[in-house]
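Beneath this line is the structure, given in structure tokens, with notes to follow.
Bear in mind the structure is a predicted one, so any value in this text is a computation, not a measurement. Each chain gets a letter, A, B and so on, in the order its sequence line appears, and its residues count up from 1.
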Protein chains: 2
Amino acid sequence: MQMSKTKQNLERSKSVEKSAAILKGAMQEFLKHGYAGTSMDQIAKVAGVSKATVYSHFGDKESLFNALMQDLVKDKFQTVLSLDRPQSLEQEPQKVLSAMATKMIETAQNDRAFCDFMRIVIGESGRFPELAKAYVNNMAKPAIEVLTHYFQSHPQLKLADPEATVRVMMGSLIYFIILQEMMHAKDILPLESDRLIKTLIDLITKP
Amino acid sequence: MQMSKTKQNLERSKSVEKSAAILKGAMQEFLKHGYAGTSMDQIAKVAGVSKATVYSHFGDKESLFNALMQDLVKDKFQTVLSLDRPQSLEQEPQKVLSAMATKMIETAQNDRAFCDFMRIVIGESGRFPELAKAYVNNMAKPAIEVLTHYFQSHPQLKLADPEATVRVMMGSLIYFIILQEMMHAKDILPLESDRLIKTLIDLITKP
DNA sequence: CTTGTCAAACTAATCGGTTTAGTTTAAATA
DNA sequence: TATTTAAACTAAACCGATTAGTTTGACAAG
């Protein structure tokens, strides 16, 4: 039918601002109400955009959700990377590991969206296995690998199984966050993060 | 208020069988599709019951969800308790703790509904804080307390902070289950549960 | 006659998704 | 500079299906 374009109008590429507004609105709603609990009308409204525009940018609800979560995984990945790349690798492991753990918990405590994000990833991991795998590949795996490499390059820690030890450390911290921050257990099972971190580091760098 | 019954019609008191069928159907659907993703029509259908009956037994959707999840928490609590009450308390801690950890992971691996249950509790913990608190009070807290008591009554372990050590142990195991079983990380980040358990127990009962 | 149940119809709202009819934008052309 | 063109956009109506929740009227049984 129409061959009339073909000039160079790749420019007006569907107005990046609208796309960004839609993604921002979708993030707000999906994080708050979950996938099934969020409607396209809501998203269009909070994005300040017509529903038709939402559909012209992202074909359907599932595509929008996937696109958003992929973005979000990459975004939060930056956080995790900066947490796990210890700035001062040369200090004693006790200090380095302790600082990493502290920063990780502090991040979770201050970044509300991070907890909401984790909740969605876990909660929708059954219906969106690709989302779960994106989390594993882009967040859990790099974090585990960086930490494993750190453990392996510090033989003075005398760790029999650095890979498994990483899992112990990550698990302790993440379950603490899940329990205290996500499951509202702060009042029911109070525990200072410092005590957990000290105990954990002491176990790993056993005196 | 009304004392009119008091005969012995505790029998046909809304037909326990129907109630059970509804709860069973609701469990199936809620665990599979989440709260917002499940409709009352679906529940009535899979329960083999009319929708009106569902509403006459449980006032509305939210009440049904809460009633079901309370039941489920109590049910799964039995599992957790039996996991944490070591049958043979008198063996060496290495054996006792190792057996507990193994049984916990095996349960999660074999009981599909257990993973679905955990997913829902975490996923809906933002919108249903009461559900999260029920989980904490009826499952996490007892498990942590039993294990804490076990640690405290075994001073030969020389644990500086038994409470925090429990968190390390529980966190390691539960994050392993979340990653491998719920987030489909088995293929991406393979790790034998035996290695994790051995490493964890070695750290706690440091030789 | 009360109680529990049923299927079915019903409400009013919302869902995901499409379509329409008309407007804004910015670049290309003349 | 004025005009044309095509894409992106808008609000609004529309679609059929589905939602949570109610009501009705009939039937069975203690």
Asp60(B) CG - dT22(D) P separation (whole Å): 8 Å
field: Gln42(B) side-chain N/O to dT18(D) phosphate OP1/OP2 under 4.0 Å
entry: no
- request: State whether Lys61(A) places a side-chain N or O below 4.0 Å from either non-bridging phosphate oxygen (OP1 or OP2) of dC15(C).
  value: no
task: Among dC9(D), dC15(C), dC6(C), find the nucleotide with the atom closest to the side chain of Val49(B).
output: dC6(C)
query: Does the Ser125(B) side chain pair with the main chain of Ile122(B), one donor and one acceptor, at a distance under 3.5 Å?
result: yes
task: Answer yes or no on whether Lys61(B) is positioned over the face of Phe30(B), meaning its NZ or CZ is under 6.0 Å from the six-membered ring centre and within 45° of the axis.
output: no
- prompt: In whole angstroms, how far is the P atom of dG4(C) from the NZ atom of Lys18(B)?
  reply: 13 Å
- request: Between dT19(D), dG21(D), dG16(C), spot the one nearest the side chain of Ser39(B), thanks.
  value: dT19(D)
- request: Check each of Ile178(B), Leu189(B), Ile177(B), Ile188(B) against Met183(B) using the side-chain contact (heavy atoms from CB on, under 4.5 Å) test, and report the only one that passes.
  value: Ile178(B)
- request: Return yes if a side-chain donor-acceptor contact under 3.5 Å exists between Asn66(B) and Ser63(B), otherwise no.
  value: no
message: In this structure, how many angstroms lie between the C1' atom of dA13(C) and the CE atom of Met40(A), rounded?
response: 19 Å
- request: Return the 5'-most residue of the pair Ala52(A), Asp41(A) with respect to DNA chain C, ranking by each residue's nearest nucleotide.
  value: Asp41(A)
His57(B) vs dT5(C): side-chain N/O to OP1/OP2 distance below 4.0 Å: yes
- line: In whole angstroms, the gap separating P of dA20(D) from CD of Glu29(B) amounts to 12 Å
task: Give me the one residue out of Asp71(B), Asp111(B), Asp116(B) that meets salt bridge (Lys or Arg N to Asp or Glu O under 4.0 Å) with Lys76(B).
output: Asp111(B)
task: Indicate, yes or no, whether a donor-acceptor pair under 3.5 Å links the base of dG21(D) to the side chain of Lys51(B).
output: yes
Tyr55(A) OH - dC14(D) C1' separation (whole Å): 14 Å
- prompt: Counting any heavy atom closer than 4.0 Å, what does Thr53(A) reach on the DNA or RNA strands: base, sugar-phosphate only, or nothing?
  reply: base
Nucleotide dC15(C), atom C1' - distance to OH of Tyr35(A) in whole Å: 12 Å
task: Write down the distance between NZ (Lys45(B)) and P (dT18(D)), rounded to a whole number of angstrom.
output: 9 Å
- prompt: What's the CD-P distance between Glu62(B) and dT19(D), to the nearest Å?
  reply: 18 Å
